[in-house]
Amino acid sequence: MSTILVIDDNPAVATALEVLFSLHDLSTVHAASPEAGLALLDSEAVDLVIQDMNFTADTTSGDEGRALFAAIRQRHTDLPVVLLTAWTHLESAVELIKAGAADYVAKPWQDAKLLGTVNNLLELADARRELDQRRDGERRRRDDLARRYDLCGAVFADPASERVVALACQVARSDLPVLVTGPNGSGKEKIAEIIQANSPAKGGPFVTLNCGALPADLIEAELFGAEAGAYTGANKAREGKFEAADGGTLFLDEIGNLPPAGQMKLLRVLETGRFARLGSNRERQVKVRVVSATNADLPTMIREGTFREDLYYRLNTIELAMPPLAERPGDILPLAERFLDGGKPLSAAAVTALQRHPWPGNVRELRNVIQRAQLLATGARIEVADLGLPRAPALRGGPAQEPEREQLEAALQRAGGVIAQAAAELGMSRQALYRRMERHGLKPA
């Protein structure tokens, strides 16, 4: 059962609220002064506070209520506080709403509206507690991962990323091939680094090859090496990536670009650990952990005959799917902070813009946006304009998106005067709704 603390010097008010709330399975405790209310907060578990704004006879300034609210907020930053008074004007309520008060209810109140406000706030508080508990659990799991494994400086906070990183750490112990899938710029190479750093071969080399960055006729030479004269321009023998990675890990990015001949040779190396340089008949033996990555749809390529099915099953003995950044929004701000590297901070509006952008270029796009903003920002903070992002519809202003007086009145009527409910329907904060009500001369019901 939720407990509501009523701080009001009028015993009749406290009794009326206690009766009202008891009929709806809500417990009430009463304090007749700010001092008694603060003492109760220190000694009892309270889910919501309803406080008067004036406690001294013939006082209507609201100064006592403001001081009480400040003291509550200092002690309990997340505790919802409802302001209850017959005297304080809307301007004073807006001032305290901006400071973090949950809502404002005028005396004499309407039972249905007050109950609606209280129930909404209690539900929001419950949801916030559950969210905080979940975030604490996620933070503990991340800390545990960081203690047990070398995460190679990976930055992540979203559960989707955490699952991939945890699985990468788990499979690192074996020497089986791993296929990392995901869109370009999503962090596939970082996953490969984590696998190498936590594998039995962590002391060996970590060699990378982007199969999509080389002409098809040179990829085999890059992988397996070549003897002098093996192809035009090969003036001397050269070591391939497999030889360079012996005793360590070879990361093959864009594996879907490997030509058919290279696919066949790669399959043989995975099966036997043996290969020959181009232009040579002498086979070499290596012990290499292969981690490959692709943004391509390999099963479709198999059906189209452009990728070998047997190689696919060799490569993805273990498959790790890295989601795009848009599907792990919890990573956006931690990554942005890493890319800021102690530079100018982000404004609140810039943070919102980053969270709402779809990030088609993933982590790579985010890094470029932050680096460019650091260079172009002229103020003390990075603003939305410095980011250079296309403006999302939800962020666009202008008269067409500004609710008219009639829309505000209709939303308030549907919500029964409950500010929090009307604000949620209109897609704005309570503070924003109060400002618009003040602008249009609307008073709380």
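The residues of the chain are indexed from 1 along the displayed sequence. Side chains are part of it too, since the values below use all heavy atoms of this structure and drop only hydrogens, waters and symmetry mates. Just so you know, these numbers come straight off a predicted model, no measurement behind them.
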Discussion item. Set out, in order, the CA-CA distance, both residues' side-chain angles and the distance that settles salt bridge (Lys or Arg N to Asp or Glu O under 4.0 Å) for Glu138 and Arg135, then state yes or no.
Written reply: CA-CA 5 Å; Glu138 292 167 357; Arg135 286 175 174 170; 5.9 Å; no
Item to complete: Compare all side-chain heavy atoms of Glu283 with those of Arg268 and state whether any distance is below 4.5 angstrom.
Response: yes
Worksheet entry | Backbone N/O of Ser186 and side chain of Asn362: donor-acceptor pair under 3.5 Å | no
Discussion item. Under the criterion side chain to side chain contact (heavy atoms under 4.5 Å, CB included), I'd like the reasoning laid out for Gln51 against Leu83: C-alpha separation, chi angles, the key distance, then a yes or no.
Written reply: CA-CA 5 Å; Gln51 68 152 84; Leu83 311 174; 4.0 Å; yes
Worksheet item: Is Asp246 close to Lys287 at the side-chain level, that is, under 4.5 Å between some pair of heavy atoms?
Response: yes
Discussion item. Under a 3.5 Å distance rule, please check whether Ser2 uses its side chain to pair with a backbone N or O of Leu26 as donor and acceptor.
Written reply: no
Practice prompt. Starting at NE2 of His357, measure out to CG of Leu387 and round the result to the nearest 0.5 Å.
Written response: 9.5 Å
Worksheet item: Could Lys190 and Glu193 be called an ion pair, given the rule that one side-chain N must be under 4.0 Å from one carboxylate O?
Response: yes
Worksheet entry | Partners meeting side-chain hydrogen bond (donor to acceptor under 3.5 Å, both in side chains) with Glu254 (sequence neighbours left out) | none
Worksheet item: More than 12 foreign heavy atoms under 6.0 Å from CD of Gln74: is that the case here?
Response: no
Discussion item. According to side-chain hydrogen bond (donor to acceptor under 3.5 Å, both in side chains), who are the partners of Thr300, at least two apart in sequence or on a separate chain?
Written reply: Asp297, Arg303
Discussion item. I want to check something: taking the side chain as every heavy atom from C-beta on, are Leu315 and Leu270 in contact at a cut-off of under 4.5 Å?
Written reply: yes
Worksheet, complete the sentence: Tightest non-hydrogen contact, residues Leu389 and Ala353, listed as CD1-O, 4.0 Å
Item to complete: Verify, without hydrogens or angle tests, whether Asp331 (side chain) and Phe156 (backbone) share a donor-acceptor contact under 3.5 angstrom.
Response: no
Worksheet entry | Pair Leu114-Phe21, side chain to side chain contact (heavy atoms under 4.5 Å, CB included): steps then yes or no | CA-CA 10 Å; Leu114 180 57; Phe21 293 144; 4.3 Å; yes
Practice prompt. I would like to know whether Leu320 and Ile195 meet side chain to side chain contact (heavy atoms under 4.5 Å, CB included); could you show each step before the answer?
Written response: CA-CA 11 Å; Leu320 303 178; Ile195 293 172; 4.1 Å; yes
Practice prompt. Please indicate whether Asn281 has more than 12 foreign heavy atoms, meaning atoms of other residues, nucleotides or ligands, lying under 6.0 Å from its CG.
Written response: no
Item to complete: Could you tell me the separation between the CD1 atom of Ile332 and the CG atom of Leu325, rounded to the nearest 0.5 Å?
Response: 4.5 Å
Between side-chain atoms of residues 164-179 and protein atoms elsewhere (two or more places apart, or another chain), which donor-acceptor pairs fall under 3.5 Å?
from: Ser174; atom 1: OG; to: Val171; atom 2: O; distance (Å): 3.2
from: Ser174; atom 1: OG; to: Leu176; atom 2: N; distance (Å): 3.4

Worksheet, complete the sentence: Of Leu258, Leu278, Leu218, the one forming a side chain to side chain contact (heavy atoms under 4.5 Å, CB included) with Leu223 is Leu258
Item to complete: Please tell me if the side chains of Leu366 and Leu354 come closer than 4.5 Å, counting only heavy atoms from C-beta onward.
Response: yes
Discussion item. In the structure I gave you, are the side-chain heavy atoms of Leu122 and Leu48 within less than 4.5 Å of one another anywhere?
Written reply: yes
Item to complete: Please check if the side chain of Gln285 supplies one atom and the backbone of Thr272 the other of a donor-acceptor pair under 3.5 Å.
Response: yes
Fill in: Check: Asp47 side chain, Thr3 main-chain N or O, donor-acceptor pair, under 3.5 Å
yes
Worksheet entry | Smallest separation among heavy atoms of Gln196 and Ala201, with atom names | NE2-O, 3.2 Å
Discussion item. Distance check, rounded to the nearest 0.5 Å: Lys236 atom NZ versus Arg238 atom CZ?
Written reply: 10.0 Å
Worksheet item: Can you tell which of Val49, Ile50, Val6 makes a side chain to side chain contact (heavy atoms under 4.5 Å, CB included) with Val82?
Response: Ile50
Worksheet item: Minimum heavy-atom separation for Phe224 to Gly262, with atom names?
Response: CZ-O, 4.4 Å
Practice prompt. Mark yes or no for whether Asp386, through its side chain, and Glu383, through its backbone, hold a donor-acceptor pair below 3.5 Å.
Written response: yes
Worksheet item: Yes or no on salt bridge (Lys or Arg N to Asp or Glu O under 4.0 Å) for Asp144 and Arg147, after CA distance, side-chain angles and deciding distance?
Response: CA-CA 5 Å; Asp144 182 58; Arg147 284 192 299 268; 3.7 Å; yes
Item to complete: Report yes if some heavy atom in the side chain of Ile255 is under 4.5 Å from a heavy atom in the side chain of Leu311; otherwise report no.
Response: no
Practice prompt. Could you list all the ring pair (Phe, Tyr, Trp, His ring centres under 6.0 Å) pairs where at least one residue sits in residues 157-211, not counting sequence neighbours?
Written response: none
Item to complete: Find the distance between CZ (Arg338) and CD1 (Ile370) and round it off to the nearest 0.5 Å.
Response: 13.5 Å
Discussion item. Checking the side chain of Lys188 only, and the main-chain atoms of Gly182 only, is there a donor and an acceptor separated by less than 3.5 Å?
Written reply: yes
Worksheet item: Taking Lys265 for the side chain and Glu220 for the main chain, is one N or O donor matched with an acceptor at less than 3.5 Å?
Response: no
Discussion item. Nearest 0.5 angstrom please: Gln371 CD to Leu340 CG, how far?
Written reply: 10.0 Å
Discussion item. Students often mix this up, so state it plainly: with edges at 30° and 60°, are the rings of Phe275 and Phe242 parallel, tilted or perpendicular?
Written reply: tilted
Worksheet entry | Donor-acceptor under 3.5 Å (Thr317 side chain, Arg314 main chain) | yes
Discussion item. Using 0.5 Å steps for rounding, measure from the CG atom of Leu346 to the CZ atom of Arg381.
Written reply: 9.0 Å
Practice prompt. Find out whether Val288 and Val207 are in side-chain contact, i.e. whether some heavy atom of one side chain is under 4.5 Å from a heavy atom of the other.
Written response: no
Worksheet, complete the sentence: Nearest heavy-atom contact between Ala160 and Arg328 is CB-CB, 4.3 Å
Worksheet entry | Counterpart residues, salt bridge (charged side-chain N to carboxylate O under 4.0 Å, His left out), relative to Arg134 (two or more places apart) | none
Discussion item. Using a 3.5 Å distance criterion without hydrogens, assess whether the side chain of Arg308 forms a donor-acceptor pair with backbone atoms of Pro260.
Written reply: no
Practice prompt. Indicate yes or no: at least one non-hydrogen side-chain atom of Phe339 is less than 4.5 angstrom from one of Asn368.
Written response: no
Discussion item. Restricting to non-hydrogen atoms, name the atom on Tyr312 and the atom on Glu319 that form the minimum distance, rounded to 0.1 Å.
Written reply: OH-OE1, 4.0 Å
Worksheet entry | Those residues that, when tested against Pro200, pass side-chain contact (heavy atoms from CB on, under 4.5 Å) (two or more places apart) | none
Worksheet entry | Arg75 and Leu41: CA distance, side-chain angles, deciding distance, side chain to side chain contact (heavy atoms under 4.5 Å, CB included) verdict | CA-CA 9 Å; Arg75 288 170 168 80; Leu41 278 176; 5.5 Å; no
Worksheet entry | Considering all heavy atoms, the nearest Gly256-Leu298 contact | CA-CD2, 4.1 Å
